[in-house]
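Each chain gets a letter, A, B and so on, in the order the sequences are listed, and its residues count up from 1. The model shown is predicted, which means the values in this text are computed figures rather than measured ones.
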Number of protein chains: 2
Amino acid sequence: MARIITWLGQTGQRAQVGGAVARWFAQRHRRVLVVTHCPNPALDRELGAVLTPEPQEVAPGIKAVQLQAIVLLEQLWEELKALEARYVKSPFFRDVYGQELSVFPGLDSLLTLNALRGYRQNDQYDVILYDGASDRETLCMMGVPTLADWYYQRFTQVLAASEFSRNVSPFVSPLFGAMFTNSWDNPNPEQPKQLLENLFRQGQALVNDPQALCAYLVTSDQDTEVHLARWWWGSAQQVNVRVQGVLLTEGEPATLGDRFAPLPVGTVENLLDFDQMTPVPPPLALDLEAKQIQLFLPGFSKSQVKLTQYGPGLTIEAGDQRRNITLPSQWQGQSITGARFHEPYLTITF
Amino acid sequence: MARIITWLGQTGQRAQVGGAVARWFAQRHRRVLVVTHCPNPALDRELGAVLTPEPQEVAPGIKAVQLQAIVLLEQLWEELKALEARYVKSPFFRDVYGQELSVFPGLDSLLTLNALRGYRQNDQYDVILYDGASDRETLCMMGVPTLADWYYQRFTQVLAASEFSRNVSPFVSPLFGAMFTNSWDNPNPEQPKQLLENLFRQGQALVNDPQALCAYLVTSDQDTEVHLARWWWGSAQQVNVRVQGVLLTEGEPATLGDRFAPLPVGTVENLLDFDQMTPVPPPLALDLEAKQIQLFLPGFSKSQVKLTQYGPGLTIEAGDQRRNITLPSQWQGQSITGARFHEPYLTITF
């Protein structure tokens, strides 16, 4: 399956790097797909083609596609209708046309994630270079599998324990019966549950494996930009995305000092070796013996990192994001005895 | 209630314009609130302060706030819990803490919209200058009230006509009964419906009134940027947002020719008069006598505009967005006799 590489940085700079890296891989006979959003004139110019919603060859070994949310939605709607027609006794989705649906906030992220999953499983590409609409959207999207899993587990747990659930359960079977065809005479509520849980697990496995998915920071050597790039570096850790290096579009790597250590720093003229995985600290490391959790959170100051222990787990707040950690069973119910943020590490002791 | 003004353009450029316009209004003794997202170091620098999730005074007459999605979510969750406790017999939201919730894609747009609504109704400000996370997110967010209304109406209609609905309706009353307290002994399904419809209507009224909400394009005179600015101009029409002018951060207005006509073009040094409303064509005009619909869609080429007549209305596709138009009752069921796109107008005849 194809590797996914993404960029965190400003649009024009990302386009410049994306084009150069696509050529780097093509020279090494890797089949490259550049995936971006509409509109992205900077990337169109960089690749010398007006990108379309279907992958097109823009150079030998390099294809590119410009995802259009409404086109993706239409395709997905047809798949949903087919599923509905198969399982539901009297389908009603069939009366709504894919061509009349619009994209609401957040839906484009889910559609993009689904499209990337499809391109990755398709055996036509070795590398997918993803140029997102914004850093915020890219990271939010990569966090979806973990987040959706958490919401699902947490609310299932709360609902199952509630009086509401006991009151509602007598109606669930007849409801299912009314919805599904005879082939689902004994509706098995486990089936959609398993389907969902598998989806979450697959998504998480992808994000958690730096061989499958990683990011590079793209920045100039200007102070505001360096500051912002470090913020996105830390934010990436919050959704388990490994940052593997820095690419400067302006300035000399030497002038940055150790602000990005231990990441290698390259330039557009002098690219990094993208086949080489940089040994970076994992976003989260658990030491069962020392009863410690260590989080790698570069780019934040002490006041920007907050820790709360509520319900069945731990919540780490940093970079306008939250990360929920489910504790190992032997630690559950135990209190934190110490927490220390010494950039780039947050160390929590039980 | 406060006027909302927003910018479509790149982050750094938007920050520069936002600061200058805030000072313009403050000089005229208007109480200004600058609303932005986290992180936005360019705006922090422009306003000379590190912005926080609570409004703070950054200059005489100018307050500024940096919305943090997780902070907004926590506040909203407390409100939701209070509502639940009031109406639901055995609340279960109370067992989930606001501090453990994370923001999923799309939720931040809804939270921002809700925050803007609050600041607008609050009598402390005359003008709200909104600097969004990206143009894409800003427009997607402004489209929410219309879109949510459409989805709600369309799916209510399809569901009401379905066999599913007939099968499910016997369970609705006991379900409501199981959920709500005795004060809602005879659960009135109209109540949440009205609440929702009112919310949609209020949101649409805000977006459709250029005195209440308008946008300015921010760009340099570089060709790629002008091209992009024109794309966002057209995209704004698709969600009914009136663009009132252009602000150049680099270059001379004269060099742009009539690419933005009839919009006035200013510069950061020579700002426009923001109290003056520019007479711009409405995004959609209906001529009942001529049986014509005219849409104002600048910035697109003919191949980027698509029209489909499905179900009970019309769908206009342009700028990776769809706009659904409900036809006047006397036209429903009639076919289109002509459609012509001659930039900037799409004219449809029945």
* **Check ion pair A:E100-B:R323 (N to O, under 4.0 angstrom)** => no

* **Sequence-distant partners of B:Q10, side chain to side chain donor-acceptor pair (under 3.5 Å), two or more places apart** => none

* Contact origin within B:V96 toward chain A - heavy atom pairs under 4.5 Å -> both

* Contacting moiety of B:L101, where chain A heavy atoms sit under 4.5 Å -> both

* For residues B:Q68 and A:E317, determine if any side-chain heavy atom of one lies less than 4.5 Å from a side-chain heavy atom of the other. => no

* Asked: Given a strict heavy-atom distance threshold of 4.5 Å, which part of B:D135 is in contact with chain A: side chain, backbone, both, or neither?
  -> neither

* Which region of A:S102, side chain (C-beta onward) or backbone (N, CA, C, O), has a non-hydrogen atom less than 4.5 Å from a non-hydrogen atom of chain B, or is it both or neither? -> both

* Can you tell which of A:H37, A:M141, A:E225 has the highest number of heavy-atom pairs within less than 4.5 Å of chain B? -> A:H37

* Can you find a pair of side-chain heavy atoms, one from A:R136 and one from B:D108, that are under 4.5 Å apart? -> yes

* Asked: Relative to chain A, which segment of B:Q321 carries a heavy atom at a distance below 4.5 Å: side chain, backbone, both, or neither?
  -> backbone

* Asked: Which one of B:S134, B:S109, B:S162, B:A69 has the most heavy-atom pairs closer than 4.5 Å to chain A?
  -> B:A69

* **With sequence neighbours excluded, residues passing ring-ring contact (aromatic ring centres under 6.0 Å, His included) with A:W231** => A:F300

* Contacting region of B:D320 [heavy-atom separation from chain A under 4.5 Å] -> both

* Structure fact -> chain A shares the most heavy-atom pairs under 4.5 Å, among B:T315, B:L159, B:I70, with B:I70

* Asked: Is any side-chain heavy atom of A:Q309 closer than 4.5 Å to a side-chain heavy atom of B:Q99?
  -> no

* Structure fact -> For A:F104 and B:C140 the tightest heavy-atom approach is C-SG, 4.2 Å

* Residue, of A:V144, A:T11, A:V158, that accumulates the most heavy atom pairs under 4.5 Å with chain B -> A:V158

* Taking all heavy atoms of B:T224 and all of A:A42, pick out the closest pair and write down the distance. => CG2-N, 4.4 Å

